[in-house]
Amino acid sequence: MAAIEPDGPLPSRAGGQPPLEIADTVRYQAPALALQAYRELSLSLKDQRDWEGALLATDAALAICPGTADLCASRIDLLGRLQRDEEAARYLQALPAAVHDSVPLVHARVNALNASARFDEANQILRAGVRRAMASGQADFPLINQWLTHLVSSGTSGRALEAELRYFAGCLPDDLRYQGLIASYAMIRAWLAGDAGAVLSIAAQHAPFEALPDIDADRAMRVFYRYLRQLALAQRAAVAATAAPARPALALHVLGESHCLSPANGVFPWHGQLARASARFVMGIQMHHLAQPGENVYKQRVLSHLRDMADGPLLLTIGEIDCRPVEGMWRAAARGAVQLEQMMEATVDGYFSFLDQALGQRAWPSITVQGVPAPGYDLTDRRDPGDKPGFIAMIRRVNTLLAAGARRRQWHFLDLHAATARQDGLGNGLWHLDRYHLSPSFYQHAMEWIDTGAPGQGRR
């Protein structure tokens, strides 16, 4: 095949800057080779969070092969990341029907609708897209994940989640990764329902999933698989070691990301009474999701849980993901757009502003903000933040900001960092169940690490 030059000039960066560095290399290659080169460049730039560069590479690929569904989806995703939502919507609507309705475009359509606060419509399209993909023999891993994440994170979707898990378990390929993915969600569902025996039974049936080589596609769910299994084992051991517990006086609502699962189903002292913790789980939620202006799916899921709660005290377990070395504020600040101190203050202030509005609609017996624990992982390999003292200082500073925000509102602050940190700021090994999460046994002693929020008083 003769080498050709794509029609028209190659995309260039804003301001008339030179085209992408590899443009001179690929523009005279055969179309198939050039297309592949631009695809690879776009992926590489995405990994570097260079959204503009990735968009230019995607546009160059589309100039060679217009209407390619996955490239169109990537373009819409990148426009969204660049906060060019109206342009993304216009581009999506202009696509031919065959491309617009294809499986790769489901993600883009759902994200565009969620960005416009059209959540119900987005969920309908997501479910239909998953069903269409399965009917055509395309078991799309990210699409299934996105749908199940919605169901497990929504306060009123328990029965729908059970039905969908049965559906996927019955029609997905008999593959350890696919079945392990479904099993991990089933374990979350069982733990939320208070059934530790079911968690262990599911884990035993899918034990080979844990031993598979680590890949990005299912890394998060493999963490959940191990975490839920450890939680269920810890609960079984605690029950065996204690006499029949006293009847709890109240229900404690624990709302947050995966950290809300550690206290779930436990019975422990809470502000002078005995409480049983009930988890309200929103997968992957971070403070920055709630600090953002406008609506988004995370805010919608939190509000859904709050509407579904009976009266009772509230514990919020949000913030640890914001403080990891490979994501959240540390990685965002490393890109240089905003100084870390400014980002921390804006994120925590925005988080509390959302809580003020969301929680101000009713009277709560007590509100407790859980802090960020010291890292239970070594700061090496893929978790190496570079500036290790700076990273440890960030975690301390975020906890200081959270404690101050809770105190100003006369809420309580659960100081996980003080409970879990040794002198150098890393985990002390006393309370961690795994690299990230605490053991359920910590909550038997949680009141030792509570800042009451009362003026002039500290922990009690």
Side-chain angles (χ1 to χ4, degrees), residues 49 51 77 80-83 85 88 107 110-120 122-123 126 142 145-155 157 188 220 223-224 253-261 279-309 314-335 337-338 340 342-360 367 369-372 394-395 398-399 401-402 405-406 436-437:
R49 304 299 177 99
W51 311 128
D77 173 66
R81 293 178 186 276
L82 290 166
Q83 299 183 338
D85 294 329
H107 297 284
V110 168
N111 291 339
L113 289 167
N114 281 332
S116 302
R118 295 160 63 184
F119 303 117
D120 290 341
N123 293 332
L126 180 56
N145 242 332
Q146 190 175 10
W147 174 234
L148 293 179
T149 293
H150 158 68
L151 292 177
V152 80
S153 300
S154 301
S157 298
I188 296 173
V223 170
F224 273 105
H253 305 294
V254 189
L255 172 60
E257 26 81 326
S258 57
H259 287 266
C260 79
L261 302 176
R280 296 290 186 151
F281 176 54
V282 181
M283 184 176 285
I285 191 169
Q286 301 179 39
M287 290 189 295
H288 94 87
H289 293 136
L290 303 181
Q292 292 172 357
E295 299 298 319
N296 60 53
V297 292
Y298 294 98
K299 292 182 179 181
Q300 188 266 342
R301 289 166 182 167
V302 167
L303 294 174
S304 176
H305 279 294
L306 291 174
R307 286 191 296 267
D308 192 50
M309 287 181 189
L314 178 65
L315 170 62
L316 296 155
T317 66
I318 302 171
E320 188 272 331
I321 302 177
D322 293 271
C323 298
R324 291 182 182 176
V326 295
E327 54 190 314
M329 292 183 286
W330 184 257
R331 186 165 181 175
R335 296 196 294 272
V338 182
L340 181 59
Q342 180 183 350
M343 185 178 300
M344 289 188 288
E345 292 181 358
T347 299
V348 175
D349 285 348
Y351 171 51
F352 275 113
S353 293
F354 171 82
L355 294 178
D356 288 339
Q357 184 175 10
L359 302 181
I367 298 172
V369 174
Q370 179 167 293
V372 178
M394 176 196 71
I395 296 176
V398 168
N399 277 293
L401 292 170
L402 287 171
Y436 303 103
H437 306 101

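Note that these values count all heavy atoms, side chains included, but never hydrogens, waters or copies made by symmetry. For this chain, numbers begin at 1 and follow the sequence in order. In this text the structure is predicted, and so the values were computed from the model without any measurement.
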Ignoring hydrogens, what is the shortest heavy-atom contact between [X] and [Y]? Give both atom names and the distance.
X: L402; Y: G371; answer: CD1-CA, 4.3 Å
X: F281; Y: H305; answer: O-NE2, 3.2 Å
X: A291; Y: T347; answer: CB-O, 3.5 Å
X: L401; Y: F352; answer: O-CE1, 4.1 Å
X: V398; Y: M329; answer: CG2-CE, 3.6 Å
X: G256; Y: C260; answer: O-SG, 3.7 Å

Are [X] and [Y] side-chain neighbours, meaning at least one heavy-atom pair lies under 4.5 Å?
X: M287; Y: I321; answer: no
X: R324; Y: W330; answer: no
X: L255; Y: L315; answer: no
X: N296; Y: N114; answer: no
X: P142; Y: H107; answer: yes
X: R301; Y: I285; answer: no
X: Q300; Y: E295; answer: no
X: H437; Y: H259; answer: yes

Partner of V372 by side chain to side chain contact (heavy atoms under 4.5 Å, CB included), out of D322, I395, I318
I395
[X] side chain to [Y] main-chain N or O, any donor-acceptor pair under 3.5 Å?
X: H150; Y: W147; result: no
X: S153; Y: V282; result: no
X: K299; Y: Q292; result: yes

Can you tell me how far CE of M283 sits from CD of E257, rounded to the nearest 0.5 angstrom?
11.0 Å
CZ of F119 to OG of S154, rounded to nearest 0.5 Å, is 11.0 Å
Q357 atom CD, over 12 foreign heavy atoms within 6.0 Å:
no
